[in-house]
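Report on one structure; see the data block that follows.
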6 protein chains.
Amino acid sequence: MHNGPDANFPVGKLAILLAVLQDHEWRKSVEQELTAGGYRFTIGRVGAMDMMKVIAAIETAAKNNHIIDSESYREVHAVYHAIIEALQGVGRGEVQFGNILRTVGLTFSIVRGKFAGAVQHEGDWVAVAVYGTIGAPKKGFEHETIGFGFNHI
Amino acid sequence: MHNGPDANFPVGKLAILLAVLQDHEWRKSVEQELTAGGYRFTIGRVGAMDMMKVIAAIETAAKNNHIIDSESYREVHAVYHAIIEALQGVGRGEVQFGNILRTVGLTFSIVRGKFAGAVQHEGDWVAVAVYGTIGAPKKGFEHETIGFGFNHI
Amino acid sequence: MHNGPDANFPVGKLAILLAVLQDHEWRKSVEQELTAGGYRFTIGRVGAMDMMKVIAAIETAAKNNHIIDSESYREVHAVYHAIIEALQGVGRGEVQFGNILRTVGLTFSIVRGKFAGAVQHEGDWVAVAVYGTIGAPKKGFEHETIGFGFNHI
Amino acid sequence: MHNGPDANFPVGKLAILLAVLQDHEWRKSVEQELTAGGYRFTIGRVGAMDMMKVIAAIETAAKNNHIIDSESYREVHAVYHAIIEALQGVGRGEVQFGNILRTVGLTFSIVRGKFAGAVQHEGDWVAVAVYGTIGAPKKGFEHETIGFGFNHI
Amino acid sequence: MHNGPDANFPVGKLAILLAVLQDHEWRKSVEQELTAGGYRFTIGRVGAMDMMKVIAAIETAAKNNHIIDSESYREVHAVYHAIIEALQGVGRGEVQFGNILRTVGLTFSIVRGKFAGAVQHEGDWVAVAVYGTIGAPKKGFEHETIGFGFNHI
Amino acid sequence: MHNGPDANFPVGKLAILLAVLQDHEWRKSVEQELTAGGYRFTIGRVGAMDMMKVIAAIETAAKNNHIIDSESYREVHAVYHAIIEALQGVGRGEVQFGNILRTVGLTFSIVRGKFAGAVQHEGDWVAVAVYGTIGAPKKGFEHETIGFGFNHI
Ligand SMILES: [Mg+2]
Ligand SMILES: [Mg+2]
Ligand SMILES: [Mg+2]
Ligand SMILES: [Mg+2]
Ligand SMILES: [Mg+2]
Ligand SMILES: [Mg+2]
């Protein structure tokens with residue numbers, strides 16, 4: 001595979017690229033890498049002023065696409081905390097959207113699988129990456145934002 | 001340009017990719033896009049337990065590489081707040097590293113230039129993207145993290 | 001009194017035990033200790049996704065059970081800040097429940113009276129302890145949490 | 001066992017009581033309950049103005065007493081986040097001690113094992129409870145505080 | 001001008017005094033100083049439990065009184081962040097009002113113009129000062145609060 | 001008293017003006033108002049990158065100038081929390097100075113006495129106002145900031 005991410009692309013980077021690249025052709029390479037690495041992954045979109053809707057959209061995507069077992073509180077707990085971490089990055093300082101008069105348009109990815117840093121770590125891990133825009137509830141009055149959460153599962 | 005980011009890649013996405021791609025060959029395309037778009041940009045690395053050192057490394061890189069005019073408080077103020085926003089994403093909830101017994105190894109990018117969302121916005125904007133690892137002060141006991149700050153300049 | 005808390009149980013520990021022990025027989029000893037120590041105290045329950053309802057339930061219990069004088073802003077101010085401190089422990093990082101898609105089922109205690117640490121302190125103090133579960137709005141998908149606030153009154 | 005916690009005492013409550021009861025005779029019942037339930041647990045003390053020392057003391061106790069496998073990042077990650085959650089309760093709003101001129105004297109417990117709420121959850125979970133005093137660096141000028149963190153492991 | 005603020009009153013202090021002085025006769029001197037200094041400024045009032053309404057009131061006043069160009073995202077972005085900073089001071093720790101059962105009655109000022117500290121800084125800057133009361137939703141059960149945000153524009 | 005604050009200036013506004021007005025002639029009127037109202041008050045200055053030093057300077061001024069009884073934990077507790085509230089306004093989002101590479105030069109006031117809002121409240125209250133500059137550790141690369149804390153005592 002000469003044009004895709006190399007074998008050293010860790011799970012978090014793959015999740016980030018999946019959320020950020022959107023319809024760019026590089027995304028195919030990222031998806032191939034994810035498939036080759038045995039990862040479960042999904043991608044979704046949500047636009048809202050309501051933080052609760054954003055969390056629910058990501059959590060529901062994780063369940064409906066079988067990234068996690070929706071009957072396992074253990075897995076739901078792992079993803080929930082990863083989502084909150086990601087939204088702390090999106091919100092930068094305040095984990096609030098509509099309450100402080102801002103709206104978001106977000107693409108999110110959820111990736112689950114093995115995780116190797118300097119060493120190989122046992123078990124599954126889950127990465128949640130969220131990329132998009134945040135700003136005033138007026139078309140174009142918004143700028144980019146990203147967030148990333150990571151947890152053992 | 002058939003293999004690089006398309007013309008719709010906004011400034012924030014370029015900054016994120018610049019920090020995330022590291023030595024991957026795609027980075028060349030991102031840099032070409034940045035150059036073609038007339039952006040000023042730089043990339044740097046910093047590893048520390050001390051938040052102060054991380055902030056200083058990014059701010060110094062912005063000045064030394066002429067992303068901002070180091071004699072203009074206006075520009076320093078813009079970058080400082082973008083850095084803090086990025087570190088809120090890196091830290092997720094607590095803007096602290098060594099104080100809460102964690103260390104970071106980060107690659108950061110700073111990009112300055114035009115910004116067009118749904119509409120073209122006047123003036124320059126600055127994006128700070130920070131990608132790397134955060135974790136215990138023990139090799140390999142760390143996971144990925146990303147942060148992104150954005151400001152008018 | 002051979003089976004209850006010893007005379008060194010300070011006001012905060014009594015409040016915590018009162019909220020945590022629920023229907024366990026040890027609670028009787030705690031209540032005896034509180035009565036013997038001349039404390040005013042009450043216990044209540046509240047389940048909600050709405051942070052506002054939780055605060056109102058605790059504050060109303062403090063007033064209706066004459067732990068504080070509801071006509072004294074001074075006393076209401078003391079209890080309000082103790083409640084917020086307790087909910088910072090319950091929420092751990094974000095003082096939000098429903099807004100971030102979580103619900104709580106809480107038992108709270110409010111204790112007012114003397115406070116002696118290494119030395120005896122003058123005047124009355126108030127302790128608010130909140131114990132229960134926090135989690136997804138799905139039966140059983142929740143875990144325990146505790147919070148504690150303390151103030152001079 | 002007529003005098004100890006009943007069989008419905010969940011893992012978090014056991015951890016809280018272990019940290020709070022200190023040398024009270026009830027603690028024996030709590031320890032019996034923990035042993036009978038197959039939990040791994042430990043208790044320790046730390047006094048410091050330096051947040052880093054508090055985190056290190058709890059993490060080290062978890063490793064040295066084999067509550068977690070110190071060679072598993074997965075387990076270290078689980079405990080670290082539980083510790084931070086507990087310290088958010090202790091600090092109430094600011095996860096800082098000496099930096100904001102306060103010192104702590106804390107007893108902590110770490111409990112690992114099964115977790116059953118409304119339903120039985122698979123796998124192991126870890127609870128960290130921290131109880132003690134927080135205040136000015138002057139003997140007796142301090143009041144009680146508690147914090148609790150909980151995670152799947 | 002013997003009775004007004006001297007020439008060294010910087011933009012932030014003028015904004016603070018404008019919000020704080022209300023109907024006091026000194027306010028005339030402050031307004032004269034602002035006019036003489038070429039500042040654009042406005043003053044407004046908002047009472048609400050809803051943070052969103054407070055932000056909207058300040059932002060709308062900035063637009064309607066031509067402190068900023070409502071068609072420029074750059075200017076709206078500058079003011080938005082200044083407002084959030086001001087509300088962090090008003091809220092002290094939690095950027096929430098009604099969600100945590102408190103209501104506010106606020107006077108706000110917005111001042112735009114030159115900014116000179118130890119040196120003269122280029123370009124325009126914007127100051128948002130917010131002064132008033134915060135407290136329980138019961139007449140008189142409230143106390144004073146102030147917040148201040150500042151940004152380059 | 002034709003030129004000073006009118007009788008409706010509440011304790012918080014007096015504290016804010018005392019800190020903000022510095023050497024302006026209006027300050028005499030504010031001090032007369034404070035003396036006439038039976039308030040105890042003091043004013044001080046502190047410059048530091050270390051948050052701990054700022055807190056210590058304000059707390060020490062309160063004790064040495066007999067605003068509070070330094071032997072009473074009750075009074076020290078009241079002032080400590082008011083100081084933290086004030087520094088939340090100064091820091092806007094992060095209660096950190098040097099840790100995040102910023103330094104402050106602050107004037108603070110502490111005022112103690114009666115407090116009347118819509119109604120007269122019993123007992124003493126304490127206001128802490130902090131005004132000055134915050135910014136980079138480079139002369140002139142800083143802007144104004146204010147914070148205010150208030151508590152029953
Ligand atoms: Mg982590
Ligand atoms: Mg922004
Ligand atoms: Mg306290
Ligand atoms: Mg949890
Ligand atoms: Mg600033
Ligand atoms: Mg208050």
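Residue numbers begin at 1 in each chain, while the letters A, B, ... track the order of the sequences.
Screening E/Trp125, E/Phe115, E/Phe150 for a ring pair (Phe, Tyr, Trp, His ring centres under 6.0 Å) involving B/His77 leaves a single residue, E/Trp125.
Surrounding NZ of B/Lys63 are more than 12 heavy atoms belonging to other residues, nucleotides or ligands, all under 6.0 Å away.
With a threshold of 4.5 angstrom between heavy atoms, E/Glu85 approaches chain B through side-chain atoms but not through N, CA, C or O.
Not one N or O on the side chain of E/His81 forms a donor-acceptor pair closer than 3.5 Å with the backbone of B/Asn151. When atom types are taken as modelled, the side chain of B/Arg74 and the backbone of E/Asp124 share a donor-acceptor pair closer than 3.5 angstrom. Here the side chain of E/His152 pairs no donor or acceptor atom with the backbone of B/Tyr73 at under 3.5 angstrom.
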